[in-house]
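Proteins come first, then strands; the chains are lettered A, B, ... in the order of their sequence lines, and each starts at number 1. Note that the structure is a prediction, hence the values are computed from the model and not measured.
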Amino acid sequence: MPELPEVETTRRGIEPHINHQTINDVVVRNHALRWPIPKQLRQKIRKQQIQAVERRGKYLLIRLETGTVIIHLGMSGSLRICTVSTAAEKHDHVDFIFGNNKILRLRDPRRFGAVLWTAKDPATHKLLSSLGPEPLEDDFNGLYLFEHSRKRTASIKSVIMNSHIVVGVGNIYACESLFLAGINPKRKAGSLSLARCNKLVSAIKKVLAQSITQGGTTLRDFIRENGEPGYFAQKLLVYGRAGEPCAKCGSSIKQITQQQRSTFYCTQCQK
DNA sequence: AGTGCGGCCTGTCCGC
DNA sequence: TGCGGACAGGCCGCAC
């Protein structure tokens with residue numbers, strides 16, 4: 001499910017329900033996520049009040065009094081607010097139970113996600129310490145991408161999807177951004193001019209910002225129950241459209257594989 | 001240091 | 001209807 005817009009939509013959705021609430025209890029039904037959920041999680045976080053609900057890249061940060069719960073939704077994770085009377089289903093692995101009878105419930109069928117605990121500044125955590133800038137912040141700009149792609153022989157698609165260069169650009173939005181910028185996903189990152197880096201960064205910001213806005217439109221329903229963020233309402237121009245006509249030139253959208261991931265692009269419009 | 005795989009999992013869909 | 005295989009929105013860790 002989650003690329004950055006979905007994670008941010010989730011953050012905005014859960015924050016008003018859980019911020020400043022006290023965690024009464026934690027139930028872990030399955031510890032086996034990408035990394036084991038710490039055995040001491042329950043004892044570490046019980047009776048603590050949530051200080052803030054933040055996001056860094058695709059990591060959600062639940063700030064408590066003595067540390068931070070780090071949550072990653074992986075490929076199939078979702079968080080929803082329900083009540084203590086809502087029966088847990090097959091892949092509901094973790095419940096954070098609050099004093100107001102509400103539960104923050106993590107569902108993750110593929111279990112690529114993570115729930116971790118750190119008592120230190122989460123920015124210094126191994127998983128977060130070497131992350132690149134946030135895509136919507138000003139320190140991610142054309143010059144930054146230009147400088148960080150020099151001498152790189154990897155494809156531009158793999159570079160913008162590299163979280164050590166910029167966080168939050170997943171497979172879908174990488175494809176969409178490259179289409180908007182007219183750049184071939186296979187192009188070597190080091191061969192892009194500064195002007196084209198500027199154009200690509202603008203496209204990434206535009207696509208992500210637009211998507212967050214659309215996620216927001218379905219926020220209520222999302223939190224209420226169905227778990228579907230604004231994702232499918234999203235107007236995707238190339239992703240998942242192999243064989244369909246390009247929105248710009250009408251030629252057939254092509255699907256290839258890069259780094260074991262599907263790439264969709266227009267061979268006419270993207271050079 | 002940068003690049004490119006393997007692997008972690010379950011669910012779904014498609015062709016036979 | 002059942003079965004095998006491909007594929008899925010992420011990303012660390014490891015070889016080279």
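- Between the side chain of A:Arg110 and the base of B:dC9, a donor-acceptor pair under 3.5 Å is found.
- As the counterpart of B:dT3, C:dA15 is assigned, both hydrogen-bonding distances of the Watson-Crick or G-U wobble pattern falling under 3.5 Å.
- When rounded to the nearest whole Å, the span between CZ of A:Phe112 and C1' of C:dG13 equals 15 Å.
- Sparse packing is recorded around NZ of A:Lys254, with 12 or fewer heavy atoms of other residues, nucleotides or ligands lying under 6.0 Å away.
- Partner assigned to B:dC16 is C:dG2, using Watson-Crick or G-U wobble distances below 3.5 angstrom.
- Here A:Arg261 lies in heavy-atom contact (under 4.0 Å) with a base.
- The side chain of A:Ser163 approaches C:dC12 more closely than any other nucleotide in the set C:dG10, C:dC12, B:dT10.
- As rounded to whole Å, 16 Å separates atom P of C:dC12 from atom CG of A:Leu33.
- Counting any heavy atom pair closer than 4.0 Å across all strands shown, A:Leu127 reaches sugar-phosphate atoms only and no base atom.
- Residue contacts shown for A:Thr153 are limited to sugar-phosphate atoms, with no base heavy atom under 4.0 Å away.
- Put simply, the side chain of A:His72 does not reach to within 4.5 Å of the side chain of A:Arg34, judged on heavy atoms.
- Base engagement by A:Arg34 is indicated by at least one non-hydrogen atom pair under 4.0 Å involving a base atom.
- Computed from coordinates, the A:Asn162 CG to C:dC11 P distance equals 11 Å when rounded to whole Å.
- Going from atom CG of A:Leu4 over to atom P of C:dG10 covers 11 Å, rounded to whole Å.
- Atoms NE2 (A:His72) and P (C:dG9) sit 14 Å apart, rounded to a whole Å.
- In this entry the distance linking CD1 of A:Ile256 with P of C:dC7 reads 14 Å, nearest Å.
- Candidate nucleotides C:dG10, C:dC7, B:dG6 were compared by shortest atom distance to the side chain of A:Gln260, and B:dG6 ranks first.
- Here the side chain of A:Arg80 pairs no donor or acceptor atom with the backbone of A:Leu104 at under 3.5 angstrom.
- Distance, A:Ile165 CD1 to B:dT3 C1': 11 Å, rounded to whole Å.
- Candidate nucleotides B:dG6, B:dG4, C:dG9 were compared by shortest atom distance to the side chain of A:Glu6, and C:dG9 ranks first.
- Side-chain polar atoms of A:Ser262 and A:Gln255 form a donor-acceptor pair below 3.5 angstrom.
- The A:Tyr239 side chain lies nearest to C:dG9 when the options are B:dG4, B:dC9, C:dG9.
- Between the C1' atoms of C:dG9 and B:dT3, the separation comes to 23 Å (whole Å).
- One can place CZ of A:Arg107 at 16 Å from P of B:dT10, the figure rounded to the nearest angstrom.
- Contact of the A:Val207 side chain with the A:Leu180 side chain is registered, since non-hydrogen atoms from C-beta on lie closer than 4.5 Å.
- For A:Ser262, whose side chain is taken as the heavy atoms from C-beta onward, the closest listed nucleotide among C:dC7, B:dG4, C:dG13 is C:dC7.
- Taking every side-chain heavy atom of A:Lys90 into account, B:dG11 is the closest of B:dG11, B:dG4, C:dC7.
- In this structure, A:His91 reaches the B:dG11 phosphate: one of its side-chain N or O atoms is under 4.0 Å from OP1 or OP2.
- Of all nucleotides listed (C:dG10, C:dG9, B:dG11), B:dG11 comes nearest to the side chain of A:Pro109.
- Comparing C:dA6 with B:dG6, their P atoms are spaced 14 Å from each other, to the whole Å.
- For A:Arg152, whose side chain is taken as the heavy atoms from C-beta onward, the closest listed nucleotide among C:dA8, B:dT10, B:dT3 is B:dT3.
- Residue contacts shown for A:Lys126 are limited to sugar-phosphate atoms, with no base heavy atom under 4.0 Å away.
- Panel note: side chain A:Lys199, backbone A:Gly142; no donor-acceptor pair is recorded below 3.5 Å.
- With contacts defined as side-chain heavy-atom distances shorter than 4.5 Å, the pair A:Tyr144/A:Cys197 does not qualify.
- Pairing of C:dG10, defined by two Watson-Crick or G-U wobble distances under 3.5 Å, is identified with B:dC8.
- Toward the 5' end of DNA chain C, the nearer of the two residues A:Gln255 and A:Leu131, judged by each one's closest nucleotide, is A:Gln255.
- Proximity of A:Lys58 to the phosphate of C:dC11: a side-chain N or O atom is located under 4.0 Å from OP1 or OP2.
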